[in-house]
2 protein chains.
Amino acid sequence: MVKNSEKILADHNVSITNPRVFVLEVLLENKGPITLDELQSTLKNRVAKSTLYRVLNDLKKINILNEFTSPENQTVVELSLSENDHHHHVFCTNCGEVEDVTLSEVFEKQLSDEITNIHKTSKYRIKEHTLELIGLCSDCD
Amino acid sequence: MVKNSEKILADHNVSITNPRVFVLEVLLENKGPITLDELQSTLKNRVAKSTLYRVLNDLKKINILNEFTSPENQTVVELSLSENDHHHHVFCTNCGEVEDVTLSEVFEKQLSDEITNIHKTSKYRIKEHTLELIGLCSDCD
DNA sequence: AAATAAATGAGAATTATTCTCATTTACTGT
DNA sequence: ACAGTAAATGAGAATAATTCTCATTTATTT
């Protein structure tokens, strides 16, 4: 049976190599956003640092990886395998933990209405949006 | 007559020095978010690079400067002199320009309701939020 | 105006990311 | 399965961004 990570690579016409599989496996297991630091230390003995950066760029190129910066300036990375998994992020300002949040449909509708209005008054054509929620997780609260 | 920038420093018990005044003047003139690169090149001959970083940290400490990262990984900086100037940002993915956007009161209310709901279901106590709108400015569209 | 404390400039040190190149690994056609 | 070719990797050098060091200058206090 073909592993999940190998299928992902094959589906995107990217050759299957050990580093790519290792990185994908960690991202898949983690299920959600992960700090670059954490990813690096998890993969330290299996993937060279330069290769990790290359693999992450490969995954960005095939559009299955999002990268963003936390309010504390940590690089954070997250798989996004399907087009329709629109969601946002909550950050803990104390421990740096990041998690996904999905907003209610009602609210996403209100948001897209607001964006339509902005489009009328501003000189921008808006393609995407990201909402970041910043606070404390229960451990740090 | 005391200059605006000097008053700001005095009001926050920060000593008035040339580099601090120069940085503040550029930020005040610019009125809105500015790229660190742009700030650096504007101040190149007046403020040493290390001092610029120090001054920006000083301003962060007294809570009159926001720093964030654009979707293209540019560091962006912005004065926020009053508590009640809550607003968000639009980014042009092509030229990197950033501008402020103020959302309608109706929408900010909807957003804060949504955050209240999230608080009920998630393990986070949310203190702040930032909404980033990403698209193309009229020049690049 | 002198004494003391704080801030600055210049460049060294550190950290994050990209690049180079010799070696290894994966894919292609047989 | 196998040789040949193209692509990917590891290790460390190169670059870029940010912080740190320390001798000198500037601000504040007396």
Side-chain angles (χ1 to χ4, degrees), chain A residues 2-3 5-27 33-62 64-77 96 98, chain B residues 2-3 5-27 34-62 64-77 96:
Chain A
V2 183
K3 279 192 288 188
S5 51
E6 299 191 1
K7 178 161 177 13
I8 293 170
L9 294 170
D11 285 351
H12 289 86
N13 277 48
V14 171
S15 64
I16 294 162
T17 64
N18 280 330
R20 286 174 180 158
V21 168
F22 293 152
V23 172
L24 271 177
E25 278 173 355
V26 174
L27 293 175
I34 184 174
T35 283
L36 180 55
D37 284 346
E38 209 180 324
L39 190 60
Q40 268 177 348
S41 65
T42 308
L43 291 164
K44 195 165 33 199
N45 307 309
R46 288 179 287 168
V47 181
K49 193 191 293 192
S50 53
T51 301
L52 176 55
Y53 279 103
R54 275 187 291 231
V55 169
L56 293 176
N57 281 326
D58 295 339
L59 301 181
K60 281 190 240 170
K61 257 185 222 140
I62 61 175
I64 64 168
L65 189 83
N66 289 335
E67 185 185 307
F68 51 94
T69 305
S70 78
E72 279 75 40
N73 279 333
Q74 283 259 298
T75 298
V76 180
V77 121
V98 200
Chain B
V2 183
K3 280 193 288 187
S5 51
E6 299 191 2
K7 178 163 176 16
I8 294 170
L9 293 170
D11 285 351
H12 289 87
N13 278 51
V14 171
S15 63
I16 294 163
T17 64
N18 280 330
R20 286 175 181 158
V21 169
F22 293 152
V23 172
L24 270 178
E25 278 174 355
V26 174
L27 292 175
I34 184 174
T35 284
L36 180 55
D37 285 346
E38 209 178 323
L39 190 60
Q40 267 176 348
S41 62
T42 306
L43 292 164
K44 194 165 35 198
N45 307 309
R46 288 179 286 168
V47 181
K49 194 191 293 192
S50 53
T51 302
L52 176 54
Y53 279 104
R54 275 187 291 229
V55 169
L56 293 176
N57 282 327
D58 295 338
L59 302 181
K60 280 191 241 170
K61 256 184 223 141
I62 61 176
I64 64 168
L65 189 83
N66 289 337
E67 184 184 308
F68 52 93
T69 305
S70 78
E72 280 74 40
N73 279 333
Q74 283 257 298
T75 298
V76 180
V77 120

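Letters A, B, ... are given to chains in the order of the sequence lines, protein chains preceding strands, and every chain is numbered from 1.
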Checklist outcome for this item: Sorted by position of nearest nucleotide on DNA chain D, 5' first, the leading residue of B:Asn18 and B:Thr75 is B:Thr75

Item to check | Separation of atom CG in B:Leu39 from atom C1' in D:dT18, rounded to whole Å | outcome: 15 Å

Next on the checklist: Tell me which residues in residues 51-62 of chain A lie within less than 4.0 Å of DNA chain D, going by non-hydrogen atoms.
Outcome noted: A:Thr51, A:Arg54

Checklist entry - Just how far is it from atom CD of A:Gln74 to atom CD1 of A:Ile34, taken to the nearest 0.5 Å? => result 11.0 Å

Item to check | A:Thr75, A:Val76, A:Val77 screened by side-chain contact (heavy atoms from CB on, under 4.5 Å) with A:Leu36, the one that passes | outcome: A:Thr75

Item to check | Inter-residue atom distance A:Leu65.CG - A:Leu24.CG, 0.5 Å rounding | outcome: 9.0 Å

Checklist outcome for this item: Hits for salt bridge (charged side-chain N to carboxylate O under 4.0 Å, His left out) against B:Asp37, two or more places apart or cross-chain, chain-then-number order -> none

Item to check | the helix from C:dA1-D:dT30 to C:dT30-D:dA1: angle between end helix axes, five pairs per end, rounded to 10 degrees | outcome: 50°

Tell me which donor-acceptor pairs under 3.5 Å the side chains of residues 45-60 of chain A have, and how far apart each pair is, sequence neighbours excluded?
from    : atom 1 : to      : atom 2 : distance (Å)
A:Thr51 : OG1    : A:Arg54 : NH2    : 3.4
A:Asn57 : OD1    : A:Lys60 : NZ     : 3.3
A:Asn57 : ND2    : A:Tyr53 : O      : 3.4
A:Asp58 : OD2    : A:Arg20 : NE     : 3.2
A:Asp58 : OD2    : A:Arg20 : NH2    : 3.0
A:Lys60 : NZ     : A:Glu67 : OE1    : 2.6

Item to check | Counterpart residues, ring-ring contact (aromatic ring centres under 6.0 Å, His included), relative to A:Phe22 (two or more places apart) | outcome: none

Checklist entry - Contact class for B:Thr17 vs. all strands (heavy atom < 4.0 Å): base, sugar-phosphate, or nothing? => result sugar-phosphate

Item to check | From B:Glu25 atom CD to B:Leu43 atom CG, the distance as rounded to the nearest 0.5 Å | outcome: 10.0 Å

Checklist outcome for this item: Correct closest heavy-atom pair for A:Glu38 and A:Thr42 would be O-OG1, 2.7 Å

Next on the checklist: By the 4.0 Å heavy-atom rule, please label A:Ser50 as base, sugar-phosphate, or nothing.
Outcome noted: base

Item to check | Segment of DNA chain C, first to last nucleotide, that comes within the 4.0 Å heavy-atom reach of chain A | outcome: C:dA16 to C:dC27

Checklist outcome for this item: By nearest-heavy-atom nucleotide on DNA chain C, the more 5' of A:Glu67 and B:Lys49 is B:Lys49

Checklist outcome for this item: When B:Asn13, B:Val14, B:Asp11 are each screened for side-chain contact (heavy atoms from CB on, under 4.5 Å) with B:Ile62, the one that passes is B:Val14

Checklist outcome for this item: Which of B:Val26, B:Leu27, B:Val21 passes side-chain contact (heavy atoms from CB on, under 4.5 Å) with B:Val23? It is B:Leu27

